[in-house]
Amino acid sequence: MSGPTTPTSLRRRAAVPFVALGALLASSFTVALAPGAHAADALLSQGRPATASSQEGDGYTAAAAVDGNLTGTRWASQWSDPQWLQVDLGQVSNLSRVVLTWESAYGKDYEIQASDNGTDWRTLKKVTGGDGGTDDLAVSGTGRYVRMQGLARSGGYGYSLWEFQVYGSAGGTTPPPASGAVKVEGGQGNWRLTVGGQPYTVKGVTWGPAVSDAPRYLPDVRAMGANTIRTWGTDASSKALLDAAASNGIRVINGFWLQPGGGPGAGGCVDYVTDTTYKNTMLTEFAKWVDAYKSHPATLMWNVGNESVLGLQNCYSGAELEAQRNAYTSFVNDVARKIHGIDPDHPVTSTDAWTGAWPYYKRNAPDLDLYAMNSYSNVCKVRQDWIDGGYTKPYIITETGPAGEWEVPDDANGIPDEPTDVQKADGYTKAWNCVTAHQGVALGATLFHYGTEHDFGGVWFNLLPDGLKRLSYYAVKKAYTGSTSVGNTPPVISGMTVSPVSSAPAGGEFTVHADVRDPDGDAVTYKVFLSGNYANGDKRLVEAQWRSTGNGNFAVTAPRKLGVWKVYVQAEDGHGNAGIETRSVKVVAPPVSGTNLALNRPATASSSQQSYGDCPCTPALAVDGRAETRWASDWSDPQWFQVDLGSAKTLRRLQLVWDPAYATSYEVQVSDDANTWRPVYSTTAGDGDVDTLDVSATGRYVRLQLTARGTGWGYSLHELGIYS
């Protein structure tokens with residue numbers, strides 16, 4: 001949101017009023033000559049990182065309120081409530097005083113809050129009826145982050161602080177990462193990871209937010225009990241992430257990406273047998289960043305590649321696939337050897353998503369210090385696969401959690417049946433228990449995924465989509481901290497149903513039911529979203545048009561695009577938590593009353609595809625009454641499709657149900673003899689899906705004269721209905 005455009009100099013508050021100036025001077029003396037009771041207080045906030053909910057313009061940043069300049073620089077917010085300003089003290093500290101030096105736009109009602117992680121806040125002091133000037137507040141408590149939470153402004157402007165000063169003494173600091181070399185120690189079946197000689201179990205999450213958001217989210221990662229994050233790529237931008245991780249006592253598994261990464265269908269194909277240019281380029285690139293970050297206190301280990309042994313099946317087959325897998329794992333060994341030559345103090349691993357990759361590593365990559373595996377619902381089988389394979393290296397799990405899209409049965413509409421929130425939370429608990437059960441071999445895990453995207457994949461896997469904490473978030477926190485007291489938790493949704501599940505009319509309403517309870521008795525608010533991932537490939541969640549009809553029922557307007565959609569109910573508790581459940585709904589052409597005169601009547605066309613995808617796609621398939629069959633033409637213009645009704649009939653409505661290969665321009669014609677045609681409808685703005693046309697005509701033959709395609713394919717109709 002942009003700020004107001006009126007120049008500051010034209011607002012009355014540009015100059016410091018005499019009374020305010022006096023208050024500022026008084027404040028200066030107060031700070032310098034604090035009463036004896038505060039003699040031991042240290043100014044903790046000056047020059048520390050500060051952030052705010054908003055700023056009025058480029059010259060009014062949060063940093064200006066902690067720069068020590070009491071009369072020359074200030075923070076100013078936008079002109080609305082609520083707003084906040086917070087400062088990161090760098091460590092948990094004992095807090096004794098907070099001094100707010102207000103500009104003339106002051107807070108009338110506000111709270112001083114503290115937090116250890118930047119997410120969970122405690123109120124230390126509440127001010128109501130403030131009169132501006134300087135507020136010198138005695139507080140008692142601890143925290144790393146201190147915030148002024150503005151509740152009500154004094155006037156029409158925003159909040160503006162010349163200075164925000166926090167006093168106290170250092171206490172309970174955030175522990176830095178353990179120092180010293182990272183080693184895989186021990187022997188067969190009795191390994192351990194150590195950092196500086198101290199045992200280290202990887203309790204981690206895969207990292208999703210932007211590097212710029214690391215200072216915001218890493219305190220929360222630490223508060224979950226995690227000590228590690230995993231990345232998939234390492235480059236110049238990684239330093240900021242490593243720095244933020246170190247300041248929060250977190251280690252990083254630095255990833256290096258190799259093609260074809262990401263498992264089936266991802267990344268692109270490389271010939272590892274012959275492409276020495278690619279391999280030399282990657283070797284040089286990886287070595288550069290190992291040298292750059294080998295001494296960084298946040299570096300835990302190096303991870304070369306992600307799911308490429310499995311992914312090579314999408315590039316090769318047969319003997320060539322076997323040769324490529326051997327060549328790839330041999331190259332991974334070359335990388336491991338190169339890394340060890342630069343950095344002998346951090347282990348090297350390589351990740352795949354199939355324990356069938358491990359024999360290749362065993363044969364071709366002896367320089368790896370440990371293996372790494374991505375495994376979801378099958379994570380508890382990894383232990384037995386390791387035993388059966390006779391492996392002589394330990395491993396970590398680099399991605400795990402609830403069952404993925406590729407692991408669950410299909411629902412009534414033929415798409416993967418996404419687990420419930422409860423099932424997902426149980427999936428994380430089960431995964432962690434299986435990892436820790438393989439003592440002396442499994443050295444920990446990074447659970448998938450600490451991400452904030454609020455889309456199809458984000459709702460399936462993210463612990464906090466759109467910043468909202470899920471049951472899964474608290475399951476991970478409980479697993480890592482061992483504490484059953486995790487605070488306020490999300491609403492729980494159960495018994496979600498959709499009706500009709502497989503025949504919701506396009507543009508009409510369907511019913512969603514969900515039973516919702518909040519464990520903490522919080523008031524719950526709702527949102528309903530739709531995703532077209534399976535209908536049109538769009539993974540976004542778009543807020544639906546819906547209305548509550550009571551007793552956990554919602555009337556939701558179906559999209560106009562046909563296909564299987566996901567519908568999501570999101571229940572929020574007002575404390576940053578959300579329960580989200582999803583089911584599928586199949587959107588079909590809306591019913592048309594009357595008799596379908598075209599049903600199973602003789603149909604002909606200018607052309608039809610004989611072999612492509614689900615073809616042959618003959619004209620008869622567009623009048624058989626089945627939504628899953630279709631007629632498809634050649635890929636050229638023009639084309640035509642016609643049906644013989646047997647005798648002259650009075651026509652009042654046509655319904656065309658298009659495949660994605662639709663017509664943008666066409667004409668509906670009728671004829672008594674199939675020679676002389678009369679136009680009854682035309683358009684040059686067709687958009688596919690369903691066209692329901694009102695007509696008034698009589699004829700035996702009905703023809704679609706198709707003149708412009710909406711895609712590069714031909715024309716394709718699932719069904720043509722003609723009604724009397």
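Both backbone and side-chain heavy atoms feed into the values below; hydrogens, waters and symmetry mates do not.
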Charged N-O contact under 4.0 Å between [X] and [Y]:
X	Y	value
R700	D644	yes
R583	D411	no
E667	R703	no
D637	R709	yes
R626	E719	no
D455	R540	no

Would you check if [X] and [Y] make a side-chain contact, meaning some heavy-atom pair closer than 4.5 Å?
X	Y	value
V702	L651	yes
S494	T420	no
M282	Y278	yes
D334	K279	no
Y568	L530	no
T698	V670	no
S716	C617	no
T683	Y666	yes

Please check if atom [atom1] in [X] has more than 12 non-hydrogen atoms from other residues, nucleotides or ligands closer than 6.0 Å.
X	atom1	result
E543	CD	yes
R652	CZ	yes
W354	CH2	yes
K586	NZ	no
K561	NZ	yes

Side-chain H-bond candidate by donor/acceptor type, [X] with [Y], under 3.5 Å:
X	Y	value
N326	N364	yes
D634	S636	no
S350	Y361	yes
Q639	S606	yes
Y328	Q259	no
S237	D235	yes
T274	D271	yes
S375	T400	no
Q669	S671	no
H449	T206	yes
S647	K649	yes

Could you state the interatomic distance from CG (N254) to OG1 (T231), rounded to the nearest 0.5 Å? 5.0 Å
Can you give me the closest heavy-atom contact between [X] and [Y], atom names plus distance?
X	Y	value
C315	G268	SG-O, 4.3 Å
P505	A558	O-CB, 3.4 Å
L562	A589	CD2-N, 3.7 Å
Q324	V270	OE1-O, 3.7 Å
W635	G714	CD1-N, 3.2 Å
V623	L720	CG1-O, 4.0 Å

Sequence neighbours excluded, which residues qualify as ring-ring contact (aromatic ring centres under 6.0 Å, His included) partners of F331?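 Per chain and number, F331 pairs via ring-ring contact (aromatic ring centres under 6.0 Å, His included) with no residue.
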Begin from the C-alpha positions of S377 and E407 and carry the test side-chain hydrogen bond (donor to acceptor under 3.5 Å, both in side chains) through to its verdict. CA-CA 7 Å; S377 68; E407 296 176 306; 3.0 Å; yes
Please confirm whether the backbone N or O of [Y] pairs with a side-chain atom of [X], one donor and one acceptor, at under 3.5 Å?
X	Y	value
T446	T398	yes
T234	G255	yes
E453	D466	no
R325	V309	yes
W631	Q609	no
R630	T618	no
N596	A598	yes
D687	T664	no
W460	N462	no
S472	L463	no

Can you confirm if the aromatic rings of W565 and F510 lie within a centre distance of less than 6.0 Å?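 When the ring centroids of F510 and W565 are compared, they turn out to be at least 6.0 Å apart.
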Take Y376 and F461 through the ring pair (Phe, Tyr, Trp, His ring centres under 6.0 Å) test and state the conclusion after the steps. CA-CA 11 Å; Y376 290 81; F461 280 114; 5.3 Å; yes
As a quick check of understanding, evaluate side-chain contact (heavy atoms from CB on, under 4.5 Å) for Q570 and H454, giving each step before the final call. CA-CA 11 Å; Q570 181 167 301; H454 188 257; 2.7 Å; yes
Could you point out which residue of N306, N374, N303 forms a side chain to side chain donor-acceptor pair (under 3.5 Å) with T351? N303
Could you label the plane-to-plane angle of the W546 and F554 rings as parallel, tilted or perpendicular, counting under 30° as parallel and over 60° as perpendicular?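 The rings of W546 and F554 stand perpendicular, inter-plane angle above 60°.
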Can you label the angle between the W358 ring and the Y395 ring as parallel, tilted or perpendicular, going by 30° and 60°? tilted
Set out, in order, the CA-CA distance, both residues' side-chain angles and the distance that settles side-chain contact (heavy atoms from CB on, under 4.5 Å) for L312 and L321, then state yes or no. CA-CA 7 Å; L312 282 164; L321 174 59; 3.8 Å; yes
Kindly indicate, with the supporting measurements, whether the criterion ring pair (Phe, Tyr, Trp, His ring centres under 6.0 Å) is fulfilled by F456 and Y534. CA-CA 10 Å; F456 171 82; Y534 297 110; 5.5 Å; yes
Does the pair I580 and I493 meet the rule for a side-chain contact (heavy atoms from CB on, under 4.5 Å), with working shown? CA-CA 7 Å; I580 308 176; I493 304 175; 5.6 Å; no
Between S503 and V588, does the side-chain contact (heavy atoms from CB on, under 4.5 Å) criterion hold? Intermediate values first, please. CA-CA 6 Å; S503 57; V588 300; 4.3 Å; yes
